[in-house]
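Bear in mind the structure is a predicted one, so any value in this text is a computation, not a measurement.
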Amino acid sequence: MKSVILDVDTGIDDALAIAYALNSPELEVIGLTTCFGNGPIEYTTRNTLVILEQLGKRVPVYMGADKPLCRPAKKFPTHVHGDDGLGNQVGRAPFMEAENIGAVDYIISEVKKRPHEITIIAVGPLTNLALAVKKNPEIVSLVKEVVIMGGAVFVKGNVTPYSEANVITDPEAAECVFSSGLPVTVVGLDVTMQTLLPNSTLEDWRASGTDVGQFFADMTSFYMQAYETFNPGIGGCALHDPLAVGVVIDSGFVKKEKWNVKVVLEGEETGRTVAHAEGEPKIQVCTQVEAETFLNHFLGRLF
Ligand code: BDR
Ligand code: CA
């Protein structure tokens, strides 16, 4: 069993990733850390607690960064995730609360306590991880593995023609993580745009007759409508964040290539993740995915 810290900016596909991770016996999710991204940090933290309550799970939640390392925050993507970040389904405040320690200090202390044991799955902007590395560079050699959802290495972006949402939200944080020496695997749009959850799935979730099935269907319906608006005829929504979890459960879902990946930090191409032939190829980039095998695995685990 892998010990995992899941760093989220919950977000609809983050919620799906949380459900997938917590229902997978291969993973022991020891903590959820939150970052701003799909909403302000207060929302993404609240949403994480709401999802845990929906799933009937208890995992400690640690609140993290509320803004990028060195840029002003951009507008939140309410057109994709809803005004509340969960397709306008939140309704009430959660009963559970976040822990008193912050995400960055939690990541540092847990990695140092359990050297070479912790896998970090980061599916939001990489601000928490970058802050942890800057505060305590020693952790770089102590983390077992880092799997991130972010970037668009050989394909076009989803925010600009060049950039993917998590990377452009805090490009300096992504560059810091990529150049840190951490053992990073990039699960980017190269593969996540191939793993679509078909629209018809929501009827199955509703037919389950459970509250959680209904909640997840209503929430995901908002995300699917956004996908249809931006990609007419697509027929589903991308399972970005769940695929990062899937790669940790079974790396056989994807094929990887090692590249020297750098992030463009200025100009029109800001946020672009570029694979360079020169320099040390130290980042594992997922380039192919067994989409159907992954989708079936995900669906079998969700509730
Ligand atoms: C990523 O951006 C966010 O909106 C999603 O939650 C995902 O992590 C996809 O580009
Ligand atoms: Ca996310």
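Side-chain contact between Gln288 and Val254 is absent, with no heavy atoms from C-beta onward closer than 4.5 Å. The closest side-chain heavy-atom distance from Ile107 to Val143 is not below 4.5 Å.
Counted by atom type alone, Thr10 and Thr48 present one or more donor-acceptor pairs between their side chains at under 3.5 Å. Ser221 and Gln225 share a donor-acceptor pair across their side chains, judged by distance under 3.5 Å alone.
Rounded to the nearest 0.5 angstrom, Met149 CE and Asp9 CG are separated by 10.5 Å. Considering CD of Gln194 and CG of Leu295, their distance stands at 13.0 Å, rounded to 0.5 Å. One finds the NZ atom of Lys156 at 11.5 Å from the OG atom of Ser163 (value rounded to the nearest 0.5 Å). The CZ atom of Phe253 sits 11.0 Å away from atom OG1 of Thr195, with the distance rounded to the nearest 0.5 Å. The CG atom of Leu239 sits 9.0 Å away from the OG1 atom of Thr192 when rounded to the nearest 0.5 Å. Atom NE2 of His79 and atom CZ of Phe230 lie 4.0 Å apart (nearest 0.5 Å).
Take Pro40 and apply the side-chain contact (heavy atoms from CB on, under 4.5 Å) test, not counting sequence neighbours, and it matches Glu42, Tyr43, Phe76. With sequence neighbours left out, Asp218 forms a salt bridge (charged side-chain N to carboxylate O under 4.0 Å, His left out) with Arg206. For Asp170, the side chain to side chain donor-acceptor pair (under 3.5 Å) criterion is met by Thr127, not counting sequence neighbours. Under the rule for a side-chain contact (heavy atoms from CB on, under 4.5 Å), the partners of Asn231 that lie at least two apart in sequence or sit in another chain are Tyr227, Ile234. Taking Glu257 as the reference, Trp259 meet the side chain to side chain donor-acceptor pair (under 3.5 Å) condition, with sequence neighbours excluded. Among residues two or more places apart in sequence or in another chain, the side-chain contact (heavy atoms from CB on, under 4.5 Å) test is passed with Ser251 by Lys256.
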**Study point:** Verdict with supporting geometry, Asn38 and His81, side chain to side chain donor-acceptor pair (under 3.5 Å)
**Key:** CA-CA 7 Å; Asn38 286 326; His81 295 272; 3.2 Å; yes
Exercise for review: For the pair Thr201 and Phe216, evaluate side chain to side chain contact (heavy atoms under 4.5 Å, CB included) and give the outcome as yes or no after the intermediate values.
Suggested key: CA-CA 11 Å; Thr201 314; Phe216 270 66; over 6 Å; no
Check your understanding: Hey, mind stepping through Val146 and Val184 against side chain to side chain contact (heavy atoms under 4.5 Å, CB included) and telling me if it holds?
Key -> CA-CA 5 Å; Val146 174; Val184 175; 4.3 Å; yes
Exercise for review: Report the C-alpha separation of Leu182 and Ile120 in whole Å, then their side-chain angles, then the decisive distance to 0.1 Å, and conclude whether the side chain to side chain contact (heavy atoms under 4.5 Å, CB included) test is met.
Suggested key: CA-CA 10 Å; Leu182 281 165; Ile120 299 174; over 6 Å; no
Practice item. Starting from the C-alpha separation in whole Å, work towards a yes-or-no answer on side chain to side chain contact (heavy atoms under 4.5 Å, CB included) for Tyr106 and Ile30. Key: CA-CA 11 Å; Tyr106 169 71; Ile30 59 173; 3.5 Å; yes
Exercise for review: Give the intermediate values and the outcome of side chain to side chain donor-acceptor pair (under 3.5 Å) for residues Thr33 and Asp7.
Suggested key: CA-CA 5 Å; Thr33 51; Asp7 189 72; 2.5 Å; yes
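The backbone N or O of His276 sits nowhere less than 3.5 Å from a side-chain atom of Asn260 that would complete a donor-acceptor pair. A donor-acceptor pair is defined here as one N or O able to donate and one able to accept, closer than 3.5 Å; no such pair exists between the side chain of Asn88 and the backbone of Gly82. A donor-acceptor pair is defined here as one N or O able to donate and one able to accept, closer than 3.5 Å; such a pair exists between the side chain of Asn166 and the backbone of Val123. Looking at Arg46, its side chain does come within 3.5 Å of a backbone N or O of Asp84 through a donor-acceptor pair.
Membership of an apolar cluster is not assigned to Tyr162, as no side-chain contact below 4.5 Å to another ILVMFWY residue is traced. In this structure, Val264 shares a hydrophobic cluster with Val274, the cluster being traced through Ile, Leu, Val, Met, Phe, Trp and Tyr side chains under 4.5 angstrom apart.
Pairs engaging residues 73-83 under the salt bridge (Lys or Arg N to Asp or Glu O under 4.0 Å) rule: none recorded [sequence neighbours left out]. Screening residues 130-151 for side-chain hydrogen bond (donor to acceptor under 3.5 Å, both in side chains), with sequence neighbours left out, gives Asp105-Lys135. Listed by first and then second residue, the side-chain hydrogen bond (donor to acceptor under 3.5 Å, both in side chains) pairs involving residues 19-32 are Ser3-Glu28, Tyr20-His297, Asn23-Lys57, Ser24-Arg301, Glu26-Arg301 (not counting sequence neighbours). Evaluation of the salt bridge (Lys or Arg N to Asp or Glu O under 4.0 Å) test over residues 262-273, restricted to residues two or more places apart or in two chains, returns Glu175-Lys262, Glu269-Arg272.
When the options Thr44, Thr45, Thr34, Ile41 are evaluated for a side chain to side chain contact (heavy atoms under 4.5 Å, CB included) with Asp66, the one that passes is Ile41.
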